[in-house]
Protein chains: 2
Amino acid sequence: MNGESDEPARRRLSRAEAKARTRALLLDAAARVFARKGFTGASVEEIAETAGFSIGALYSNFGGKEALFLELLSHRQTDRIAEAAQTLDRHEPGTGEAAAELGRLLLDVADKDIDFAPLQAEFWLYAVRNPDVLDAMAANLRAPRQALEGVISTSLAQQGAPAEVSAEAVATVVAALFGGLVRQRRIDPASVPEELFGQALKWLFAGINAGTAPAATESE
Amino acid sequence: MNGESDEPARRRLSRAEAKARTRALLLDAAARVFARKGFTGASVEEIAETAGFSIGALYSNFGGKEALFLELLSHRQTDRIAEAAQTLDRHEPGTGEAAAELGRLLLDVADKDIDFAPLQAEFWLYAVRNPDVLDAMAANLRAPRQALEGVISTSLAQQGAPAEVSAEAVATVVAALFGGLVRQRRIDPASVPEELFGQALKWLFAGINAGTAPAATESE
DNA sequence: CTATTCAGATAGGGATCACTATGTCAAACC
DNA sequence: GGTTTGACATAGTGATCCCTATCTGAATAG
């Protein structure tokens with residue numbers, strides 16, 4: 001956009017910089033307020049106030065409450081899944097290291113980032129209630145899901161898992177388990193100790209490999 | 001068609017019977033509307049109208065919108081978990097029969113009972129946002145969770161699983177996986193085929209049994 | 001049959017909400 | 001330096017919502 005912007009020491013923010021900053025602050029505030037009050041429960045006034053701006057600033061940067069929410073839905077949805085994929089990439093799954101690190105990740109998501117899970121739940125509810133948004137959401141999720149799938153596919157090959165085992169299926173199971181455990185931990189933390197997620201993954205991968213040799217009752 | 005329990009041949013409903021009927025109809029309508037619009041998004045007018053009554057009828061039977069919601073939260077929360085436990089009780093887990101039946105149960109919950117998962121999500125969000133309700137919800141979930149735990153405990157013993165494996169942990173994993181897969185199927189049905197839940201459980205239980213012999217790096 | 005009770009209907013009040021019209025002041029431009 | 005532009009603030013509007021006060025008519029009681 002700008003051709004001659006090489007000035008390092010700029011004390012005052014330019015117009016575009018200031019606008020970008022307010023946009024980002026409004027998005028952060030919106031994420032917090034939507035997570036705490038829900039989409040319908042959140043008011044644009046509270047969002048603007050939380051960000052330190054007025055309602056006018058919000059409507060100057062976004063089309064409205066729904067547009068602001070959809071912006072979050074599109075861009076803040078999938079960070080944590082990619083994180084899990086990277087963690088699995090660094091260590092081989094089925095080992096104690098990967099299990100321990102994934103346990104820590106689950107605690108981070110469930111306990112530290114307390115707005116994350118409720119916001120995801122709001123996204124899911126909104127998508128389920130608005131079919132057009134649902135398609136967009138499924139499309140957004142496909143990329144990080146495939147990243148996870150790739151990592152899992154590699155691991156399965158390394159471990160000598162049966163060829164019939166679909167990496168996509170395993171990725172879906174891992175993601176569903178992660179989300180389910182995060183939610184359960186918010187209700188009853190004691191029932192989801194730090195090691196549980198890693199332990200479950202150990203069981204899962206061990207079971208996949210164990211399925212190679214023995215004659216199963218079913219042929220699929 | 002008359003109830004033979006009390007007075008035979010009563011064509012008109014007594015006062016108490018009519019009131020109980022109205023209450024039940026209002027609760028059904030509330031479950032539908034809350035699931036489709038969310039707690040804040042649902043209006044008492046729409047709930048009353050859906051049930052075929054007026055706003056006055058609603059306030060004559062319940063303390064208000066929140067009381068109505070909490071009544072649902074307390075009584076309609078845990079039916080499906082108990083169902084899963086019964087299914088697991090009829091067949092041994094790890095077998096094809098149990099897997100197939102649980103797959104069918106998941107499809108029922110995800111596809112047929114389209115209001116179930118959104119309503120559960122609303123319950124979860126409300127509980128997360130209201131700590132006192134959260135405790136009550138955790139207490140409500142404990143009973144069916146222990147039923148599931150009991151079934152799993154028996155199965156683990158039958159299969160000769162390692163003694164260190166906690167039935168509570170496995171029950172938590174199974175429940176979290178179930179919920180996670182139901183939600184994922186609502187977003188992208190193709191990614192959660194009918195057999196996936198049963199397949200994942202097969203893997204899980206096979207992995208638990210496989211874990212008997214080898215020396216694990218961790219021990220707790 | 002008359003009186004009483006009460007489930008449910010109706011109407012309205014007070015508050016909140018999303019959004020808009022308009023104003024203001026500093027940055028960008030000539 | 002004067003003009004224009006545009007980011008953000010302020011005030012107001014119509015709609016909606018939860019809840020309450022009041023009313024009606026039928027089921028119960030005497």
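Throughout, protein chains are lettered first and strands after them, A, B, ... in sequence-line order, and every chain is numbered starting at 1. These numbers come from the heavy atoms of this one structure, side chains and all, not from hydrogens, waters or symmetry mates.
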_Between B:Asp188 and A:Arg145, does any side-chain N to carboxylate O distance fall below 4.0 Å?_
no
_Whole angstroms only, please: what is the CZ-P distance between A:Arg23 and D:dA7?_
12 Å
*Are A:Lys65 and A:Phe39 in a cation-pi contact, defined as NZ or CZ under 6.0 Å from the six-membered ring centre and within 45° of the axis?*
yes
*Relative to each other, are the rings of A:Phe69 and A:Tyr126 parallel, tilted or perpendicular (30° and 60° limits)?*
tilted
_Angle between terminal axes - the helix from C:dC1-D:dG30 to C:dC30-D:dG1, 5 pairs each end, rounded to 10°_ = 10°
*Under 4.0 Å between a side-chain N or O of B:Asn61 and OP1 or OP2 of C:dG8?*
yes
*Write down the distance between CD (B:Glu46) and P (D:dA15), rounded to a whole number of angstrom.*
19 Å
*Measure from CZ on A:Phe62 to C1' on C:dC19 and round the result to the nearest Å.*
16 Å
*Over how many whole Å does the gap from A:Lys19 atom NZ to C:dA26 atom C1' extend?*
15 Å
*asked:* My understanding is that only residues two or more places apart in sequence, or in another chain, count here; which of them pass salt bridge (Lys or Arg N to Asp or Glu O under 4.0 Å) with A:Asp135?
replied: none
*Could you check whether B:Gly56 gets within reach of a base, just the sugar-phosphate, or nothing at all, counting any heavy atom under 4.0 Å?*
base
*Whole angstrom is fine here: how far is it from NZ in B:Lys37 over to P in D:dT16?*
12 Å
*Please report, rounded to the nearest Å, how far the C1' atom of D:dA7 is from the CG atom of A:Leu58.*
13 Å
*Measure the shortest side-chain to side-chain distance between A:Val174 and A:Phe197 over non-hydrogen atoms and say whether it is less than 4.5 angstrom.*
yes
*A:Ser54 side chain: which of D:dT10, C:dA18, D:dC19 is closest?*
D:dT10
_Looking only at the side chain of A:Tyr59 (C-beta and beyond, no hydrogens), which of the listed nucleotides C:dC19, C:dA7, D:dA7 gets closest?_
C:dC19
*Inspect the contact between B:Arg80 and B:Asp108 and indicate whether a charged nitrogen and a carboxylate oxygen are less than 4.0 angstrom apart.*
no
*Before accepting this row, confirm whether a basic side-chain N of the pair A:Glu71/A:Arg23 lies closer than 4.0 Å to the acidic partner's carboxylate O.*
yes
_Side chain of B:Val44 (C-beta onward), nearest among D:dC18, C:dG8, C:dA28_ = D:dC18
_If you assign each of B:Glu45 and B:Ala16 to its closest nucleotide in DNA chain D, which residue comes earlier from the 5' end?_
B:Glu45
*Choosing from C:dA27, C:dA9, C:dC17, which nucleotide comes nearest the side chain of A:Arg15?*
C:dA27
*Starting from P on C:dC19, measure out to CD on A:Glu66 and report it in whole angstrom.*
8 Å
*Is there a donor-acceptor pair closer than 3.5 Å between any side-chain N or O of A:Arg185 and the backbone N or O of A:Glu194?*
no
*Taking only N and O in the side chain of A:Thr22, is any of them less than 4.0 Å away from OP1 or OP2 of D:dC8?*
yes
*NA contact type, B:Ala42, heavy-atom cut-off 4.0 Å: base, sugar-phosphate, or nothing?*
sugar-phosphate
*asked:* Within the 4.0 Å heavy-atom criterion, would you say B:Phe53 contacts the bases, only the backbone, or no part of the nucleic acid?
replied: sugar-phosphate
*Please give, in whole Å, the distance from D:dT13 P to A:Ile55 CD1?*
15 Å
